[in-house]
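Worksheet: the structure to be examined is printed underneath.
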Amino acid sequence: MSKDLGIITWNVRGDLSTSGTASRRVQDLKEVLAELTGTGKHPVDFICLQETSGSQGALNAMLVNAGYTCHALREGDGQGDYYVFAVSPNSGFTFDAPPKQCLFSYSSHSGSPLRYPAVAELTRASDGLKVAVYTCHASLDGGLVEGLEKFSKFAVAAAGSGKFDYVLVAGDLNITKGYRIFDFELDEEVYLLDRIFPDFAGVSENLDHVLCWPDLDSGINGGHFTTSSDHKLLYGQFDIG
């Protein structure tokens, strides 16, 4: 039983099994998994994929064939591309139920299809450790900040509920760590990620982030891997003692 939690997030940018990009995407993920797990020092418990072809995707098929338990669900409310949540057979975790979308109403303009976060709740059989894993492919249009602010309320509420030992956020949030907004109450600019995910900490690569609650201070490791898609794959590892 690993004392670490390891998670991958990757905006795949398409992996339809019949497409010309499918084989390269599969090879990318196989190589990263081999590099991370080959030494035994870097577990991969969870994988969160965005902008995939879901159950029709080559990555989903590859992971299922490798023994991962996978669930696919839409990024939008019944439309758009898919998320895939995958759990390693070596992790000891099982899904408490199929992952679900975290739906809310947008008041600002957002493109079509609207994008929403999703959450998977999991339990480790060996010790009953409970984890909530959130992923999100944030909108790039006028709904970006509103969507992230409303998304964060789900994760922050889960962290404060007492139901979970750890809450993880892994996705393409389409903002950098340095992204700031103006706080009219403070009359100054503040960093958006720090504001909406207080007490979370993790690793980032440009627009992609893997965050964990509670903040584990120095017990955080991670790295990014170049892929054949437009987005690098990001890995985060959290020492849970």
Side-chain angles (χ1 to χ4, degrees), residues 1-12 15 22-23 25-50 52 54-55 57-73 82-100 118-135 158 163-171 201-203 205 208-214 216 218-227 232-241:
M1 181 179 63
S2 173
K3 69 183 184 68
D4 297 309
L5 290 178
I7 184 167
I8 281 173
T9 183
W10 184 20
N11 180 349
V12 176
D15 66 330
S23 61
R25 300 284 195 270
V26 167
Q27 189 61 30
D28 286 341
L29 187 54
K30 284 183 175 179
E31 290 175 356
V32 172
L33 289 172
E35 181 174 345
L36 286 171
T37 61
T39 62
K41 295 181 179 179
H42 302 295
V44 178
D45 298 297
F46 314 118
I47 299 175
C48 295
L49 304 178
Q50 306 91 42
T52 79
S55 59
L59 291 170
N60 186 87
M62 182 272 282
L63 289 168
V64 169
N65 289 337
Y68 286 72
T69 303
C70 299
H71 285 280
L73 69 168
Y82 286 83
Y83 298 124
V84 167
F85 286 94
V87 176
S88 166
N90 300 319
S91 70
F93 282 92
T94 57
F95 289 96
D96 295 345
K100 59 185 179 182
V119 61
E121 298 181 3
L122 304 108
T123 301
R124 191 161 64 182
S126 60
D127 56 5
L129 190 80
K130 297 190 72 67
V131 176
V133 179
Y134 288 84
T135 195
K163 181 179 177 182
F164 303 101
D165 297 287
Y166 296 94
V167 176
L168 299 169
V169 174
V203 296
E205 163 54 33
D208 300 316
H209 308 270
V210 179
L211 307 174
C212 181
W213 174 95
L216 299 170
S218 61
I220 299 172
N221 188 20
H224 64 271
F225 298 82
T226 301
T227 70
K232 294 178 180 179
L233 181 154
L234 182 65
Y235 171 75
Q237 179 178 324
F238 303 93
D239 181 356
I240 59 175

Decide side chain to side chain contact (heavy atoms under 4.5 Å, CB included) for Val133 and Val87; before the verdict, give the C-alpha distance in whole Å, the side-chain angles of both, and the deciding distance to 0.1 Å. CA-CA 11 Å; Val133 179; Val87 176; over 6 Å; no

What closest approach, in Å, do [X] and [Y] show between heavy atoms, and which atom pair accounts for it?
X	Y	answer
Tyr166	Cys212	CD2-SG, 4.1 Å
Val203	Gly236	CG2-CA, 3.8 Å
Leu234	Asp208	CD2-O, 3.4 Å
Ser91	Asp45	CB-OD1, 3.2 Å
His42	Thr37	O-CG2, 3.7 Å
Ile220	Leu216	CG1-CB, 4.3 Å

Polar side-chain atom of [X] near backbone of [Y] as donor-acceptor pair, under 3.5 Å:
X	Y	result
Arg25	Ala58	no
Asp15	Leu59	yes
Thr135	Ala170	yes

(Q) Between Leu63 and Leu29, is there a side-chain heavy-atom distance shorter than 4.5 Å? (A)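 Answer yes - side chains close enough.
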
Discussion item. Contact between Glu31 and Phe225 at the side-chain level, heavy atoms closer than 4.5 Å - yes or no?
Written reply: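 Not in contact.
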
Approximate separation, where rounding is to 0.5 Å, of [X] [atom1] and [Y] [atom2]:
X	Y	atom1	atom2	answer
Trp10	Gln50	CH2	CD	10.5 Å
Ile7	Leu211	CD1	CG	10.0 Å
Ile240	Asp4	CD1	CG	7.0 Å
Leu5	Phe93	CG	CZ	5.0 Å
Phe238	Leu168	CZ	CG	6.0 Å
Glu121	Lys100	CD	NZ	5.5 Å

Report task. Show the numbers, then the answer: is there a side chain to side chain contact (heavy atoms under 4.5 Å, CB included) between Leu33 and Ile8? Result -> CA-CA 9 Å; Leu33 289 172; Ile8 281 173; 4.0 Å; yes

**Report entry** Pair Tyr235-Val210, side chain to side chain contact (heavy atoms under 4.5 Å, CB included): steps then yes or no
**Finding:** CA-CA 7 Å; Tyr235 171 75; Val210 179; over 6 Å; no

Using the rule given for side chain to side chain contact (heavy atoms under 4.5 Å, CB included), can you reason through Cys70 versus Asn60, listing the C-alpha separation, both sets of side-chain angles and the distance that settles it, and then say yes or no? CA-CA 7 Å; Cys70 299; Asn60 186 87; 3.4 Å; yes

query: Which residue, Phe95, Phe85, Phe46, Tyr83, forms the ring-ring contact (aromatic ring centres under 6.0 Å, His included) with His71?
result: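 It is Phe95; the other options fail the test.
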
(message) Under a 3.5 Å threshold, yes or no: a donor from one side chain and an acceptor from the other, between Thr123 and Asp96?
(response)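 Yes, Asp96 and Thr123 have a side-chain donor paired with an acceptor closer than 3.5 Å.
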
